[in-house]
Amino acid sequence: MIDYIGTERIRALIRDIGITTFVEQLAEEIQADYRRWSEFERSPRHASHSSVGVIELMPASDGRFYSFKYVNGHPKNTAEGLLTVTAFGVLAEVASGYPLLLSELTYTTALRTAAMSALAARWMANPDSCVMALIGNGAQSEFQAIAFHHLLGIRELRLFDVDPAASAKLEDNLEGLQLEGLRITRCRSAAEAARGADIITTATADKRNAVILTPDMIEPGMHLNAIGGDCPGKTELHVDILRRPDARIVVEFEAQSRIEGEIQQLEPDFPVIEFADVVAGRALGRGCTREITIFDSVGFALEDFSALRYLHRLHRASQGRSELDLIPHLRNPKDLFGGLMPAIPMQSMEDEPQLPAERLQDSDRKVSSGELA
Ligand SMILES: NC(=O)c1ccc[n+]([C@@H]2O[C@H](COP(=O)([O-])OP(=O)(O)OC[C@H]3O[C@@H](n4cnc5c(N)ncnc54)[C@H](O)[C@@H]3O)[C@@H](O)[C@H]2O)c1
């Protein structure tokens, strides 16, 4: 039996612990794992692209545990009543190779992305940041808003989406939560949302080199949390923002971000900083108050590894645990076949060859005449 977390179970776990505690503890878990960066086997994710989206596999291992996530990104899906991003994943132990947990990761991806965004902003944004523009108000947006309110102290959110219904949904959901001291303003353009913000989060979905932010929208000291540009040919920032001499770009895993991040628009040797160097104190997340800091987020497998380990502990420690009989449990592990016993017929009744009607009549005749007796 392996542990199983489906959508019902993740709802119950989040309800029990509270979403802010969940995000806070997950951010701590992610930070602790980035601090032991060198212990991880790292590789860019394996991406299978189509004209409408991408399906990706994201593996990570620290030598004791191994994890992978299956995730898709299909920006056109919402028009058909489907999510843009869905995911599930597995945590396994390296010693035996046995899976320990199969989990939903659709909610968890939104939570871990929000935790990671807020964590990066803690290291990179000016400490007195309290106004955030949130551009792209779809599935990820509430999670971003909650994490930045709770972990960064954001007190004003300025929303913009090309789909006004998405912003209305975000505003309704946040108002329902009654987050302490949070003021919400809906804006008519990305430029209006960005004006006067300390932090800009872009979480749009469009499979093209979109230009959500242009250089004229950027003010001294801003922190940009760019999460929607995460595939080749799918970006959100005008390249001149990245090229500003006062810009500092931090990425998760450079080899993957060169392919998928905003920095795919730059030369391969354009200087960037890995987040692991920031949390280890080898590099600064911000050099001075007026610098533009850019977290060029694409999502790295280590964050899902952290999330799966965190979820596994939470799942095991709380009531209502469910399991799946995914792997055979055998008395003799060399007798895999025996696990199918007793009594499997070589052919199912349905598979037995049917005799053609004439042959049937023929054999009936023979039997009835006693020729086969
Ligand atoms: N970096 C990461 O770790 C990470 C993790 C999860 C998702 N993502 C990415 O985040 C993005 C958002 O994901 P989601 O699940 O919220 O998608 P979604 O489809 O639910 O929401 C995207 C929103 O962006 C809006 N939008 C599209 N173009 C816009 C524009 N030009 N200006 C303003 N708004 C625009 C859409 O109307 C929609 O409401 C996706 O691109 C996804 O791939 C990144």
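Both ligands and their constituent atoms are indexed starting at 1 by order of listing. These figures come from a predicted structure and were not determined experimentally.
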Could you tell me which atoms of ligand 1, counted from 1 in the order shown, lie closer than 4.0 angstrom to a heavy atom of [X]?
| X | result |
| --- | --- |
| V298 | 1 (N), 2 (C), 3 (O) |
| G138 | 16 (O), 20 (O), 21 (O), 23 (C), 39 (O) |
| R112 | 3 (O) |
| A166 | 39 (O) |
| G299 | 1 (N), 2 (C), 3 (O) |
| T78 | 19 (O) |
| D163 | 37 (O) |

Side-chain H-bond candidate by donor/acceptor type, [X] with [Y], under 3.5 Å:
| X | Y | result |
| --- | --- | --- |
| D296 | S257 | no |
| N72 | T86 | yes |
| T113 | Q140 | no |
| T235 | N209 | yes |
| T293 | H223 | yes |

Problem set entry | D230 N/O under 3.5 Å from ligand 1 N/O |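 Yes, D230 has an N/O under 3.5 Å of an N/O on ligand 1.
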Problem set entry | Test of proximity, T84 against ligand 1: N or O pairs below 3.5 Å |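 Min N/O separation from ligand 1 is below 3.5 Å for T84.
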For this session: Can you figure out which of T204, I227, I212 has its heavy atom closest to atom 31 (N) of ligand 1?
Result: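 Of the listed residues, I212 has the closest heavy atom.
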For this session: Look at atom 20 (O) of ligand 1 and find which of A139, P164, G228 reaches it with the closest heavy atom.
Result: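 It is A139 whose heavy atom sits nearest to atom 20 (O) of ligand 1.
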Nearest-neighbour protein heavy atom for [atom], which is reported as residue plus atom name and distance:
| atom | answer |
| --- | --- |
| atom 23 (C) of ligand 1 | D161 OD2, 3.5 Å |
| atom 12 (C) of ligand 1 | A203 O, 3.2 Å |
| atom 5 (C) of ligand 1 | T113 OG1, 3.2 Å |
| atom 13 (O) of ligand 1 | Q140 CG, 3.3 Å |
| atom 27 (C) of ligand 1 | A205 O, 3.6 Å |
| atom 32 (N) of ligand 1 | V162 CG1, 3.6 Å |
| atom 1 (N) of ligand 1 | S297 OG, 2.9 Å |

Interatomic spacing from [atom1] in [X] to [atom2] in [Y] - rounded to 0.5 Å:
| X | Y | atom1 | atom2 | answer |
| --- | --- | --- | --- | --- |
| E303 | I30 | CD | CD1 | 5.5 Å |
| T109 | M58 | OG1 | CE | 7.5 Å |
| I135 | T204 | CD1 | OG1 | 8.5 Å |

For this session: Using ring pair (Phe, Tyr, Trp, His ring centres under 6.0 Å) as the criterion, point out the one residue from F275, F305, F40, F253 that pairs with F300.
Result: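 In the set F275, F305, F40, F253, the residue that makes a ring pair (Phe, Tyr, Trp, His ring centres under 6.0 Å) with F300 is F253.
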For this session: May I ask whether K234 places a heavy atom under 4.0 Å from ligand 1?
Result: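 True for this residue.
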Problem set entry | Sequence neighbours excluded - ring-ring contact (aromatic ring centres under 6.0 Å, His included) pairs with any residue from residues 69-90 |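 Qualifying pairs, neighbours excluded: Y70-F88.
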Exercise. Can we say R11 and E8 salt-bridge, meaning some charged N sits less than 4.0 Å from an Asp/Glu carboxylate O?
Worked result: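 Salt bridge flag = yes for E8 with R11.
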Problem set entry | side chain to side chain contact (heavy atoms under 4.5 Å, CB included) involving I2 - partner list, sequence neighbours excluded |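 With sequence neighbours excluded, I2 shows a side chain to side chain contact (heavy atoms under 4.5 Å, CB included) to P99, L102, L324, L326, I327, given in chain and number order.
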